[in-house]
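To start, the structure under review is shown below, and the notes come after it.
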Amino acid sequence: MIHLEIDGREVTARPGQTILEVAEEAGVRIPTLCYLSGLSPRGSCRICLVEVANWNGKLVPACATPVQEGMRVVATSPRLTELRRRVLELLFAERNHICAICVSNGHCELQDLACELGLEAVRVPYRFPGLTLDASHGKFVYDPNRCVLCGRCVRACSEVEGAMTWGFSGRGIHTTVEPDLGGPWGSSETCTECGKCVQACPVGALVERGKATAEQEKEPQLLAQITERRPRA
Amino acid sequence: MRRLEVLLCAGTACLSSGSRAVRQALIEALSAHGLTQEVRVVETGCMGPCELGPVLLVYPEGTFYVRVKPEDAEEIVVEHFLKGRPVRRLLWAGEAPPLKELDFFARQKKVVLANCGMIDPEEIDEYIAVGGYEGLIRALERSPEEVIEEVKRAGLRGRGGAGFPTGVKWELVRKAPGAEKFVVCNADEGDPGAFMDRAILEGDPHAVLEGMAIAAYAVGARQGYIYVRAEYPLAIQRLERAISQARSYGLLGGEVLETGFSFDIELRMGAGAFVCGEETALIASIEGRRGEPRPRPPYPAQAGLWGKPTLINNVETLANVRHILLQGADWFSSLGTGTSKGTKVFALAGQVRNTGLVEVPMGITLRELIMEVGGGVPEGRRFKAVQIGGPSGGCLPEELLDVPVDYESLRQHGAIMGSGGVIVLDDSACMVNVAKFFLEFTADESCGKCTPCRVGTQMMLGLLSRITSGQGTEQDLDRLEELAELVGSASLCGLGQTAPNPVLSTLRYFRDEYLAHIHERACPAGVCTALIHYRIDPEACRACDLCRRACPSGAIEGVPGKPPYLIHHRLCIRCGACQAACPFGAVHKLPGRKE
Ligand SMILES: Cc1cc2nc3c(=O)[nH]c(=O)nc-3n(C[C@H](O)[C@H](O)[C@H](O)COP(=O)(O)O)c2cc1C
Ligand code: SF4
C-alpha cells in the first residue's frame with residue numbers, strides 16, 4: 001500500500017496506480033482530455049496537470065504519473081484552474097472550434113471543459129489553419145480542423161482494435177493525425193470500419209457520416225468496457 | 001630517430017578547410033627532404049580555434065601554425081624542420097611559441113579535451129600510452145558502490161544540459177530493481193552551432209568508451225548504446241574503429257580485462273530531430289518509435305530502454321569519468337565552484353575574435369570567457385549581450401559579465417549552462433529579433449505532442465512578429481510574459497520548458513528595446529526593417545545617380561548633377577541597396593519608421 005495526500009486528504013493506493021485513478025476513487029475531480037479509460041495514458045494535453053508540493057511544486061500530468069509514497073498532490077487550486085484554462089484557450093485557438101455549426105455541439109468534451117473551467121473568451125488570436133476535410137470514408141468523416149491532437153483515436157485503433165490505421169505525422173504546429181500515413185481514409189487498407197476511433201474522439205473531428213449539427217453523440221466508455229473484459233496479459 | 005611530431009588537426013572544421021591536402025603536401029615535402037623517419041605527421045581531433053583552420057601543432061616545442069595551405073608545406077619543412085626557424089607568417093598572431101602562453105590557451109583548463117589534438121584518435125595504442133583505460137582498471141579493482149561513491153564525491157554533474165548529479169543518477173540505476181540494465185551515451189548534439197561532443201567523439205573516442213565501461217560496471221549493465229547523429233560521419237567512423245580496437249584488446253566484450261565483468265557497445269544513428277536528444281524521446285527513437293518525449297516519472301533510471309533501468313549520460317559527462325577514477329574525486333572537485341565541479345567545454349561563436357572550442361574551469365566569469373579566452377568583440381564594435389546555453393538559453397547583458405559560469409548562477413540570472421553554446425552579440429544586434437530568432441528554432445523543433453509548446457510557442461512568435469513589424473502594444477508584452485510563463489511551466493519536456501528563456505531574459509534585461517519598438521516604432525539597432533528608414537544627407541550627396549539606379553522599388557528621386565536626392569519612404573522597402581551603392585557615404589540608416 002502506498003500512502004499519499006491529495007488536496008490535503010490522506011489516501012491509500014495500490015502500487016502502479018496513477019494520481020488520476022487514485023483521485024477518482026477518492027472523489028477528487030481532475031479534468032482530463034487526452035486521457036481515456038481503457039487506453040494507455042499519453043500525458044500530452046496538459047489539462048490534468050497537478051502540482052506535487054513536495055517535489056518543489058513540480059507540475060505533472062495526473063493521468064500518466066504513478067503514485068509514490070509520501071507524495072503531496074495539489075489537484076485543485078486557483079492557480080491550477082487558471083493554468084488549465086490557459087491551456088484550453090490554446091486548444092481553442094489552434095484549430096476551428098465553432099460550436100454552433102458542429103455536429104458534436106452539446107456532446108463535446110472540449111466544450112464541457114470550457115464550461116467547467118470557466119473559459120469565457122479566447123484572448124489569443126485564432127489560427128484557422130484551413131485543413132482539408134476527409135469525407136472519403138463510407139461510414140465516417142474526419143475533419144482535422146476540429147482535431148485537438150489528443151491521440152485517443154490513434155491509441156483506440158492500435159491498442160484496442162489492433163488496426164494501426166491512425167498515426168501522427170508532421171511535427172510542431174504542423175502535427176496532424178492521418179490514416180495510413182496520409183489519407184484518404186476511404187482508401188485505407190488497414191481500417192476495419194469498427195468506428196472505435198469515432199467513439200474515442202472527444203470532439204467533432206471524427207464523426208459518423210450524415211450527422212447534422214449537434215446530433216453526434218458518442219460512447220467513449222466503450223473502449224474501457226472492451227479492454228476490461230479482455231484477459232490480462 | 002623521431003625528432004618532431006606534427007599534429008595536424010583533422011576535426012570536421014579543419015577537414016573542410018583542407019587539412020587532408022596539407023597532410024599530403026607535408027608528407028611529400030618530408031620525404032623529398034629525407035625527413036620521413038624523423039618527423040611524424042599525426043592526424044588529431046579538434047584543437048579548438050576552428051576559424052583559423054587548418055591548424056597544426058609542432059611538438060615537442062609547441063609551435064602553432066594557423067591557416068596552413070598545401071603550398072606552405074615546403075617552407076615549413078625547409079625553414080622550420082631543417083633550419084630550426086619557425087615560419088613567422090603562419091604563426092598565430094605572429095607569436096612565437098610556446099602554445100600554452102597564447103591567451104586563448106592560457107586561460108583554458110583542458111581535461112576532457114586534453115587528448116584532442118594530441119593523439120591520433122584512430123590508434124588505441126596512443127590512447128593507452130597516455131593513460132588510456134587505466135581509469136577502467138582502477139574502477140574494476142573496486143566495488144561498483146565504491147566507484148559510485150567516488151563519482152558522487154567528485155561532484156560531477158551532467159553536461160547534457162540539466163546538470164543532474166552523475167553519481168546520484170548512477171546510484172539510482174544501480175538500485176533500480178531489474179536484472180537487465182543499459183547504459184546509453186547521448187551523442188545527439190542537436191544545438192545549432194554546438195560541436196563540443198562531436199570534437200570529443202572525433203578527437204578522443206576511447207575516452208567515451210572508457211567512461212561508458214566504467215559507468216556500466218558501476219550500474220550493473222552489460223550492454224551500451226551510443227546514440228549519435230547521422231550527420232557526424234567522421235565521429236561514427238572513429239567510434240566504430242575505436243570499438244573494434246577496444247574489443248580486440250579485451251577492453252570491451254565478454255570478460256573485460258579477464259575480470260567477471262562483460263560489457264559491449266553498439267552504435268545507433270539519430271535521425272536528426274533536435275527533440276531526439278531529450279532522453280525519453282531518444283529511448284523511443286532507439287526502440288523504433290516516433291521520437292517523442294513522454295512524461296517523467298518514471299525516469300529512464302527506473303524504466304528506460306524496453307522498460308529496463310537505463311543510465312543516460314552525455315558524451316562530455318562520460319569523457320570526464322576516467323579522470324575522476326585516475327586522479328581522484330578530490331582532484332576533480334578542486335576544480336570549479338561549490339556546486340559546479342570540473343571544467344566545461346564551450347563552443348564560442350558570434351562577434352568574438354577567437355571562435356571555436358574551449359574548455360575552461362567552472363566558475364570562470366563570463367568576462368574572462370569572452371574577453372580573455374574569446375579575445376573580446378572585434379575592433380570597432382561594442383559588446384552587447386551573450387546568449388549562453390544554446391537556443392533555449394538566456395541573453396545576459398554587459399552588467400552581468402562578472403557572473404561566474406556555474407549551473408546555479410546562470411540559472412539565477414535567466415540563462416542556463418545548456419550543452420555549452422555561447423554566442424556573443426555586439427551592438428548591431430536587435431534583442432527583440434534575437435529572441436524571435438531563437439524562438440523560431442524551438443517552435444520549429446517542437447515535436448507537437450503537448451499543447452503549451454506546440455501552440456504556445458506559435459502564439460509567442462506571433463506576438464514577437466507584431467512587435468518587430470511595428471504593430472506591438474504594451475498589452476502584447478503582458479501577453480508575451482503570460483504565455484512564456486505557461487509554456488515554461490506546463491510543457492511536457494525540457495524543450496518547451498526552456499523555450500521561453502531567450503524571450504524572458506531579453507524582456508528582463510533589454511525591455512527598453514521592446515518598448516522602443518512599441519512606443520517609438522523604432523528598432524534602435526536598425527535591424528527590424530519595418531522600423532527603420534534611410535535618409536540621404538543633402539550635404540554629402542553628389543547627385544551621382546547611383547543610388548537611384550540601385551533602388552529596386554523606384555523609391556529614390558533626383559536629377560544627375562543636381563543634389564540632393566530624396567527617398568520616398570512610402571515606396572522604400574528598406575533593402576539598403578542605396579546605402580551600399582553610394583560611393584560618398586551619403587545614405588544613412590536611421591531607427592524609426594517614416595511614412
Ligand atoms: C530538447 C532537448 C534536447 C536535448 N538534447 C541533448 C543532446 O543533444 N545531448 C545530450 O547529451 N543531452 C541532451 N538533452 C538532455 C537529455 O535529456 C539528458 O538530460 C542528458 O542526456 C542526460 O545526460 P547528463 O546527465 O550526462 O547530462 C536534451 C534535452 C532536451 C529537453
Ligand atoms: S515540450 Fe514541445 S518538444 Fe517537448 S513534448 Fe511538448 S511539444 Fe514535444
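A note on names: the letters A, B, ... follow the listed sequences, proteins ahead of strands, and every chain is numbered from 1.
- For Phe92(A) and Tyr126(A), the distance between ring centers is not under 6.0 angstrom.
- When heavy atoms are compared at a cutoff of 4.5 Å, Thr457(B) does not approach chain A at all.
- Side chain of Arg155(A) to main chain of Gly151(A): a donor-acceptor pair is present (N/O by atom type, distance under 3.5 Å, no hydrogens or angles).
- Chain A forms the most heavy-atom pairs under 4.5 Å with one residue out of Glu482(B), Gln458(B), Arg479(B), Glu485(B), and that residue is Arg479(B).
- Contact count versus chain B (heavy atoms, under 4.5 Å) is highest, among Lys58(A), His174(A), Arg42(A), for Arg42(A).
- For Gln68(A), the part lying under 4.5 angstrom from a heavy atom of chain B is the side chain only.
- Val184(B) pairs in a side-chain contact (heavy atoms from CB on, under 4.5 Å) with only one of the listed residues (Leu311(B), Ile283(B), Ile312(B)), which is Ile312(B).
- Within the 4.5 angstrom heavy-atom criterion, only backbone atoms of Ser169(A) (N, CA, C, O) approach chain B.
- Contact count against chain B (heavy-atom pairs under 4.5 Å) is highest for Ile173(A) among Leu59(A), Ile173(A), Thr175(A).
- Using a 4.5 Å cut-off between heavy atoms, Pro125(A) touches chain B through backbone and side chain atoms alike.
- A donor-acceptor pair under 3.5 Å links the side-chain atoms of Thr227(A) to the main chain of Leu223(A), judged by distance alone.
- Contact between Pro144(A) and Arg95(A) at its shortest, heavy atoms only, is O-NH1, 2.9 Å.
- No donor-acceptor pair closer than 3.5 Å links the side chain of Lys152(B) to the backbone N or O of Thr166(B).
- Put simply, of Ile47(A), Leu91(A), Leu49(A), Thr65(A), the one with the most heavy-atom pairs under 4.5 Å next to chain B is Leu91(A).
- Residue Leu463(B) does not touch chain A at all, counting heavy-atom pairs closer than 4.5 Å.
- A donor-acceptor pair under 3.5 Å links the side-chain atoms of Asp180(A) to the main chain of Glu189(A), judged by distance alone.
- Looking at Leu486(B), the atoms closer than 4.5 Å to chain A (heavy atoms on both sides) all sit in the side chain, from C-beta outward.
- Contacts of Arg127(A) with chain B are made by side-chain atoms alone, with heavy-atom separations under 4.5 Å and no backbone atom involved.
- Shortest non-hydrogen contact noted between Arg157(B) and Thr339(B) is NH1-O, 2.9 Å.
- Both the backbone and the side chain of Pro297(B) come within less than 4.5 Å of a heavy atom in chain A.
- Proximity to chain A involves both the backbone and the side chain of Glu445(B), based on heavy atoms less than 4.5 angstrom apart.
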